[in-house]
Amino acid sequence: MKFSNYFSPTLNENPAEAEIISHKLMIRAGLVKQASAGIYSWLPLGLKVLKNIEQIVREEQNKAGAIEILMPTIQSADLWIKSGRYKDYGKEMLRIQDRSGREMLYGPTNEELITDIFQSYVNSYKDLPLNLYHTQWKFRDEVRPRFGVMRGREFLMKDNYSFDLSQEEAKISYDKMFTAYIKTFLRMGLTPISLRADTGPIGGDLSHEFQILAKTGESTLYYDKELETLDPEKIEPEKLQSYYAAVDDIHDEKNYPINQDQLKISKGIEVGHIFYFGTKYSEKLGAYVQDNKGEKRLVHMGSYGIGISRLVGAIIEAFHDDRGIIWPIPVAPFHISLINLMTEDDKCNEVSENLYNNLVKKNIEVLYDDRKFSMGKKLSDNDLIGIPYQIIIGKRDLKENLIEVKDRKTYESQKLNPDQAFNFLINEINSKI
RNA sequence: CGGGGAGUAGCGCAGCCUGGUAGCGCACCUGGUUUGGGACCAGGGGGUCGAAGGUUCGAAUCCUUUCUCCCCGACCA
């Protein structure tokens, strides 16, 4: 993509409305624009990241055997009245009426709808286990939205729902999702810490939340340091669940079950939550199957959520410096910023265009900064946007047929000729996607 | 929902106390000069001062009402 043809409005100054670093950077780098409190428009760069995150989550869900569907944002109140939550949810639920005065709502979650879908079609234990998911916008009318997309009222969430014949089988589904979650966050370059959690208003008996480490995180986590060094190929859910991990209001300084030198303390941001809640909804909404003896049995359910839009902010909280964002390659909006410092110079243009075309042919995503701005403006804009690799092409080095390849994270750079740079980056990026 | 703060050009802000025809920086447009870390010179465009009402000869400024946004707290993916 040529920057001059793109739409990526960057800002020099910090927006008055933003408080935390990820929010500031998201606005300055032109990822989102606030539409109203806790509601955002996603601009091209932000949308690319959002889609990349969504896709990683999707791939890991599919690998774990979940099946994708798509449920609507607007739901009828009927099912919610049946489940009892139309009353319980209170003012957080955005209630609306259609033209004939029918009670509708903008879904804050989808247990009711999914259970209804399930009970409409599934009648036999032979069809279990079943695990359905979708990635859809939700709306929760928070008392106080804040922190940009990290705590929006409208937010994109992947949520899925597992159906099993028994509690034992439900635990197997639960552990599959647990494993998928760890793998998902590791793939994004994050360090996930899983914590046993209170089940909260969704109700039930087993629940874990997933936090990712970030210096600016809201909660303080105390956990076994083993949790920091997980091999995505060898995730053992039972073992991981046995490790110590607690948030600060649960952790007891004087009494915790591991050695002091095993204990790590870090800040975290919650990005996922999983629940096993048994037959709570199947009971209320009548989700039964027949078992092998022909007897009707309530299905055991679990639900699993990942805050996709929140992750965009959380990843920035985890990866940034004072120059801007530092995207991990798997979620980055582009792989390479190709910065042409001298768009007036024929040689610079020629080398830039060639390299750009060759990289694009190899399916590398390149943002080619061909804008007619001064060098400093372009360099700082690209640092702000945070694309993981930069190729800097200027008149000075080109006299010796050299261009600069810079790592956005370490800020280390090397001078290579264009062919070497091409080969280096192809290898580098393909090994990390 | 309780407490606090803010709405003036696209963005960031000054002006308000003490009423008198609205200003700065950035961005934007035109021309020129520049080019290895947010360029420079010259010229230019852009605001019913959040909205409604009131006081006054006169309101961005004083008064009333209202809307919106932000921050702190209680709650959450």
Side-chain angles (χ1 to χ4, degrees), chain A residues 9-20 23-24 27-28 30 33-39 53 57 89-93 107-110 135-160 181 185 197-202 207-212 218-219 247 268-275 303-314 322-324 339-345 348 371-384 390 392-400 402-404 406 411 413 415:
Chain A
T10 53
L11 257 49
N12 282 335
E13 280 169 299
N14 274 321
E17 76 212 35
E19 189 65 16
I20 61 163
H23 192 193
K24 286 178 183 167
I27 292 170
R28 283 191 51 208
K33 172 173 173 24
Q34 179 163 322
S36 66
I39 302 176
I53 293 170
V57 171
Y89 231 95
K91 286 185 134 182
E92 268 207 0
M93 180 181 277
T109 177
N110 290 66
T135 302
Q136 180 62 288
W137 292 92
K138 310 285 191 292
F139 194 92
R140 292 182 194 168
D141 202 352
E142 299 273 350
V143 195
R144 179 147 111 84
R146 63 186 118 170
F147 306 142
V149 299
M150 295 235 288
R151 180 88 180 277
R153 291 193 292 173
E154 188 185 52
F155 58 98
L156 186 61
M157 180 162 97
K158 184 286 301 173
D159 45 322
N160 51 341
Y181 271 39
F185 299 127
D198 289 334
T199 46
I202 294 185
S207 171
H208 282 86
E209 62 178 57
F210 294 81
Q211 302 233 9
I212 57 109
E218 263 202 289
S219 12
V247 290
I269 299 168
E270 187 183 359
V271 291
H273 211 143
I274 63 178
F275 303 89
S303 75
Y304 315 86
I306 292 181
I308 305 284
S309 48
R310 170 178 282 193
L311 267 166
V312 179
D322 52 8
R323 295 185 178 94
I339 307 164
N340 181 355
L341 294 181
M342 274 283 281
T343 52
E344 311 293 314
D345 184 80
C348 285
R371 297 174 303 166
K372 300 192 185 326
F373 284 125
S374 71
M375 171 193 77
K377 160 79 174 160
K378 289 207 262 196
L379 292 170
S380 62
D381 264 6
N382 282 282
D383 281 350
L384 174 64
Q390 297 177 351
I392 300 166
I393 296 177
K395 215 171 166 180
R396 191 188 69 190
D397 292 343
L398 220 43
K399 283 180 193 149
E400 296 158 63
L402 292 177
I403 61 180
E404 187 179 340
K406 187 153 81 180
Y411 232 63
S413 71
K415 304 252 170 103

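We use all heavy atoms of the structure for the numbers below, so side chains are in, but hydrogens, waters and symmetry mates are not.
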Atom [atom1], compared across [N] and [M]: separation rounded to whole Å:
N      : M      : atom1 : value
B:rU61 : B:rA52 : P     : 12 Å
B:rG15 : B:rC62 : P     : 12 Å
B:rA60 : B:rG44 : C1'   : 26 Å
B:rU55 : B:rU65 : C1'   : 15 Å
B:rA51 : B:rU68 : C1'   : 10 Å
B:rC76 : B:rA6  : C1'   : 27 Å
B:rG31 : B:rG25 : C1'   : 23 Å
B:rG12 : B:rC17 : C1'   : 24 Å

Base of B:rG12 paired with side chain of A:Asn14 (donor-acceptor, under 3.5 Å): no
Distance-only donor-acceptor test (3.5 Å): side chain A:Asp397, base B:rG36: yes
Mate of [N] where both pairing distances stay under 3.5 Å, Watson-Crick or G-U:
N      : value
B:rC1  : B:rG73
B:rU48 : none
B:rU56 : none
B:rG10 : B:rC26
B:rU34 : none
B:rC16 : none

Between [X] and [N], is there a side-chain N or O to OP1/OP2 distance below 4.0 Å?
X        : N      : value
A:Gln211 : B:rA77 : no
A:Arg146 : B:rG73 : yes
A:Lys91  : B:rC1  : yes
A:Ser380 : B:rG38 : no

Spacing of [X] atom [atom1] relative to [N] atom [atom2], expressed in whole Å:
X        : N      : atom1 : atom2 : result
A:Ile212 : B:rA77 : CD1   : P     : 15 Å
A:Glu17  : B:rC13 : CD    : C1'   : 15 Å
A:Phe147 : B:rC71 : CZ    : C1'   : 10 Å
A:Arg151 : B:rC72 : CZ    : P     : 11 Å
A:Arg153 : B:rC75 : CZ    : C1'   : 15 Å
A:Met342 : B:rU35 : CE    : P     : 7 Å
A:Glu344 : B:rA39 : CD    : P     : 15 Å
A:Ile53  : B:rA77 : CD1   : C1'   : 13 Å

Does [X] reach a base, just sugar-phosphate, or nothing at all? Heavy atoms under 4.0 Å.
X        : result
A:Tyr411 : base
A:Glu13  : base
A:Leu311 : nothing
A:Gly90  : nothing

Selected nucleotide, minimal atom distance to [X] side chain, candidates [options]:
X        : options                : result
A:Ala37  : B:rG38, B:rC69, B:rC1  : B:rC69
A:Ser36  : B:rA77, B:rG38, B:rC69 : B:rC69
A:Arg144 : B:rC72, B:rC76, B:rG36 : B:rC72
A:Phe373 : B:rC69, B:rC28, B:rC1  : B:rC28
A:Ala16  : B:rA77, B:rC71, B:rG12 : B:rG12

A:Lys415 vs A:Phe155, nearer the 5' end of RNA chain B by closest nucleotide: A:Lys415
First encountered from the 5' end of RNA chain B, between A:Gln390 and A:His23: A:Gln390
4.5 Å side-chain heavy-atom contact, A:Thr135 and A:Ile306: no
Test item: A:Gln390 and A:Glu404 side chains (from C-beta on) under 4.5 Å apart, heavy atoms: no
